[in-house]
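Below is one structure, written out as structure tokens; comments come after it.
All heavy atoms count here, side chains included; hydrogens, waters and symmetry mates do not. Proteins come first, then strands; the chains are lettered A, B, ... in the order of their sequence lines, and each starts at number 1.
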Amino acid sequence: MENKYIERYIYAVTKRLPLKMQGDVAKELRANIDDMLGTDNPTDDQVKEVLQKLGHPRKLAASYLGEGHYVVAPEYYADYISTLKLVGIIFLIVSLVTGFISAVTLAADQDIWQAVEILVDELFSDIWTKALLAFALVTIGFWIYGEAQKKHQPKAWELKDLPELPKPNTLKIKKGGTIAELIIATSLGLAFVVLLQFGLPYFDQDVVNTFLPFFYFSIALDIAVGSLQLIFGEWRWPVVGVYTFSKLYSVFLAYFFLYSPFLNATWVGEQAVLAGGTYEEVSAGIEMGLHVLFAVIAVATIIELVQLWVRVIKAQLAGK
Amino acid sequence: MDETILNNLVGELKRGTQVLAVLAHLHRGQYGYSLLQDLSSQGVMIEAGTLYPLLRRLESQGLLKSDWDTSETRPRKYYTLSPDGVATFEALKKQWQMLTDDMNAVLKEKENGK
């Protein structure tokens, strides 16, 4: 007599097998179960006992499939994880940089709050899609590579293929330097904010006030970066990430501040009188100066970040 | 002593001998359940869920051949050693004897405190 649990068990096993195996395994499994039961009219309890003895259908199916069915084989697992990390980081940088560029382009004529909204939107809108894409690409890559390797004899390896030992401490952050930087950056930042807040004649107070929270945040970021550097003591990914973010944030803030009407028009007018030129001439001169200032800040920051990233990625690759 | 670790180690030791035990019993044709009973009557503990897939695997490797017997009320699949299986079994048996000799020597040496 056919028992519904037996048929369901056999189905649970065979549905996990390739089509060409299914029929034969089902037939054999049914015969084996009948033999184990030893009776044509088993009770549900007897059926239960026999099926429990055979084990979980998933496990039994895996035994029928044999060993070695992996998306990423164990011997490649460590390489897979480190590649995932590296590719993840590269994707993150690319999406941060492209997001940043498109945000700056889009936000050029907006006020600072709208600009921040656009920035957040651009940076994070499709970061998950990109992260998933990176994950999928690496996984598929390893799967294809693993499958291809199965068909080859294991390659002989040479001693010269062994990785070089990483240079010690290339990523070390000097404590003294960090503390000095932290103190200088914080005090200069605070001095600047105080200067803005207590209304010097050459600033337009309304415009400056809008920017104050952003400058405070910038100081907080500097402190966070300094603290992370001290805690970790070397350029680990969290430190590099927060540092990069704080630098990009500074450039972003500099852009919006320097291109905002933060200068007091009356003061500019007075300067024009003192210099003996027209308002337009002086204002154009100041604008020119601000362009140069921003360009210097942006270029210096980018060079610094690129150097840091190259150094960190190099050390990561060498350490692999 | 950690019982779990010990059980795992014993399991590993036994797993290595399962194929040899199965091949040793298949000079004459046997179906899955009869082989299972045969083995367990000799103290070779192998689970049904391990044995049935193992038989198929050995067949796909060419060490066993199989036939369905449908003459009785219950159809049964009988496995026997193929000529290649016989040769493999003999070679494996020899390896096993060498291995046990070596291991006995190693363990004896330790016992004598050398």
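Checked against the 6.0 Å centroid threshold, B:Y31 and B:Y79 do not count as a close aromatic pair. In this structure, A:Y243 has its ring center closer than 6.0 angstrom to the ring center of A:W235.
At distances below 3.5 Å, at least one donor-acceptor pair connects side-chain atoms of B:Q30 with backbone N or O atoms of B:H25.
Within the 4.5 angstrom heavy-atom criterion, no atom of A:V13 approaches chain B. For A:K27, the parts lying near chain B are the backbone and the side chain together; criterion is any non-hydrogen pair under 4.5 Å.
The greatest number of non-hydrogen atom pairs below 4.5 Å with chain B, out of A:V50, A:L65, A:L29, A:D24, is found for A:D24.
With contacts defined as side-chain heavy-atom distances shorter than 4.5 Å, the pair B:M1/B:L6 qualifies.
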